[in-house]
Amino acid sequence: MSLTYTLVVTSPLYGKQGSASALNFAKALIEAGHQIKTVFFYLDGVSNGLSTSLPASDEVNIHQHWLDIKKASACSLLVCSAAAYRRGIIGEEEAAVNHLPANMHNEFNMSGLAEMATAMLSSDRVVHL
C-alpha cells in the first residue's frame, strides 16, 4: 500500500545529522513506492534552501540531493518564510522588494505555517526529522 508523506526538516543543512537523515529517509520512501507530497523546512532547516552553499568536493551535497528528491517525486520543497527571514535567507520576490540579492534556490518556495498545516492534513503520514 502506497502512502503519501509530509516531511518536516528542522536541522540545518550541515553541522547536525538531521538533514542527511531526512534525505536518506526520503530516498527510502521513494524506493519503497511511497509518495512524498511536501518537504517543509522549518527553524534551522531553512538553510537547506540556500543556493549559496558550497560543500567541499569530498562532502555530500545535501542541497543538490533535495533537488533530486523533488525531481524524482514531484514534491514541494517549502521553506518557512519567518524562519528564513530571521536567518537571512530570501527568495527572488523578497530580494526585489528589499533591494537585496536572493540566496534561496528557485526550486524551493517560501511558505508559511498554514501551508505546512494543509500539507500535514492532506498526507497519510507526517514525519519530523
Side-chain angles (χ1 to χ4, degrees):
M1 177 176 160
S2 177
L3 300 172
T4 59
Y5 283 78
T6 290
L7 306 181
V8 180
V9 180
T10 57
S11 291
L13 183 58
Y14 293 102
K16 293 187 177 181
Q17 187 62 35
S19 289
S21 295
L23 182 63
N24 289 333
F25 184 71
K27 288 178 182 180
L29 288 175
I30 293 168
E31 288 175 12
H34 298 293
Q35 179 188 3
I36 301 171
K37 187 173 190 126
T38 305
V39 181
F40 190 84
F41 298 95
Y42 186 52
L43 301 174
D44 287 338
V46 298
S47 65
N48 285 271
L50 279 170
S51 63
T52 54
S53 64
L54 298 170
S57 61
D58 63 341
E59 292 179 353
V60 174
N61 188 337
I62 295 172
H63 173 80
Q64 182 58 52
H65 283 286
W66 282 121
L67 297 175
D68 296 341
I69 290 290
K70 180 177 181 169
K71 186 184 288 185
S73 68
C75 68
S76 297
L77 301 176
L78 302 181
V79 175
C80 176
S81 58
Y85 299 154
R86 277 190 223 100
R87 290 162 177 81
I89 299 169
I90 57 175
E92 291 179 14
E93 185 177 319
E94 299 81 16
V97 169
N98 294 290
H99 309 290
L100 294 167
N103 61 0
M104 185 178 78
H105 193 281
N106 61 6
E107 292 290 326
F108 289 74
N109 295 304
M110 286 288 182
S111 71
L113 295 178
E115 287 88 350
M116 180 177 76
T118 300
M120 289 176 161
L121 289 171
S122 62
S123 296
D124 296 315
R125 302 283 187 270
V126 176
V127 179
H128 173 221
L129 298 148

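Just the heavy atoms: all of them, side chains too, but no hydrogens, waters or symmetry mates, feed the values below.
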Legend entry - Derivation of the side-chain contact (heavy atoms from CB on, under 4.5 Å) call for Val39 and Ser76: CA-CA 6 Å; Val39 181; Ser76 297; over 6 Å; no
Legend entry - Derivation and outcome, side-chain contact (heavy atoms from CB on, under 4.5 Å), residues Met104 and Ser51: CA-CA 5 Å; Met104 185 178 78; Ser51 63; 5.9 Å; no
Inset, instruction - Check step by step if side-chain contact (heavy atoms from CB on, under 4.5 Å) holds for Leu3 and Gln35. - result: CA-CA 6 Å; Leu3 300 172; Gln35 179 188 3; over 6 Å; no
Legend entry - Test log, rule side-chain contact (heavy atoms from CB on, under 4.5 Å), inputs Val126 and Leu7: CA-CA 6 Å; Val126 176; Leu7 306 181; over 6 Å; no
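Here the shortest heavy-atom pairing between Pro12 and Ser19 reads O-OG, 2.9 Å. Across all non-hydrogen atoms, the minimal contact from Ser123 to Thr4 is CA-OG1, 3.4 Å.
Partners of Glu107 by salt bridge (charged side-chain N to carboxylate O under 4.0 Å, His left out), not counting sequence neighbours, listed by chain and number: Lys70. Arg125 pairs by the salt bridge (charged side-chain N to carboxylate O under 4.0 Å, His left out) definition with nothing, not counting sequence neighbours.
Phe41 and Trp66 have their aromatic ring centers within a separation under 6.0 angstrom. Between Phe108 and His63, the distance from one ring center to the other falls under 6.0 angstrom.
In this structure, the separation between CG on Asp124 and OG on Ser2 is 8.0 Å, given to the nearest 0.5 Å. From Ser73, atom OG reaches atom CD1 of Ile36 across 5.0 Å, with rounding to the nearest 0.5 Å. In this structure, the separation between CD on Gln64 and CG on Leu67 is 5.0 Å, given to the nearest 0.5 Å. Rounded to the nearest 0.5 angstrom, Met120 CE and Met116 CE are separated by 4.0 Å.
With a 4.5 Å cut-off on side-chain heavy atoms, Tyr5 and His34 count as touching. A 4.5 Å side-chain heavy-atom check between Leu43 and Arg87 finds at least one atom pair inside the cut-off. Two residues are said to be in side-chain contact when any heavy atoms from C-beta on lie closer than 4.5 Å; Gln17 and Ser11 fail this criterion. Using a 4.5 Å cut-off on side-chain heavy atoms (C-beta onward), Ile69 and Lys71 make no contact.
In the hydrophobic clustering of ILVMFWY residues, with side-chain heavy atoms under 4.5 Å counting as a link, Leu77 and Ile90 come out together. By the rule that hydrophobic residues join a cluster once side-chain heavy atoms approach within less than 4.5 Å of another member, Val46 and Leu113 end up as members of separate clusters. No continuous path of ILVMFWY side-chain contacts below 4.5 Å connects Val127 to Val8, so the two sit in separate hydrophobic clusters. Under a hydrophobic-cluster definition in which Ile, Leu, Val, Met, Phe, Trp and Tyr are linked whenever side-chain heavy atoms come within less than 4.5 Å, directly or via other members, Ile62 and Ile30 are assigned to the same cluster. In the hydrophobic cluster analysis, where Ile, Leu, Val, Met, Phe, Trp and Tyr join through side-chain heavy atoms closer than 4.5 angstrom, Tyr14 is grouped together with Leu129.
Summarising the local packing, OH of Tyr42 is surrounded by 12 or fewer heavy atoms from other residues, nucleotides or ligands at distances under 6.0 Å.
With Glu115 as reference, Leu78 is the one residue of Leu78, Asn109, Thr38 to meet the side chain to side chain contact (heavy atoms under 4.5 Å, CB included) rule.
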Distance-only criterion, 3.5 Å: show the donor-acceptor pairs between side-chain atoms of residues 91-101 and protein atoms not counting sequence neighbours.
from, atom 1, to, atom 2, distance (Å)
Glu94, OE1, Gly91, N, 3.1
Glu94, OE2, Tyr85, OH, 3.1
Asn98, ND2, Glu94, O, 2.9

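Defined by atom type and a distance below 3.5 Å, a donor-acceptor pair is present between the side-chain atoms of Thr10 and His128. For the residue pair Thr52/Asn103, the side-chain donor-acceptor check at 3.5 Å is not satisfied.
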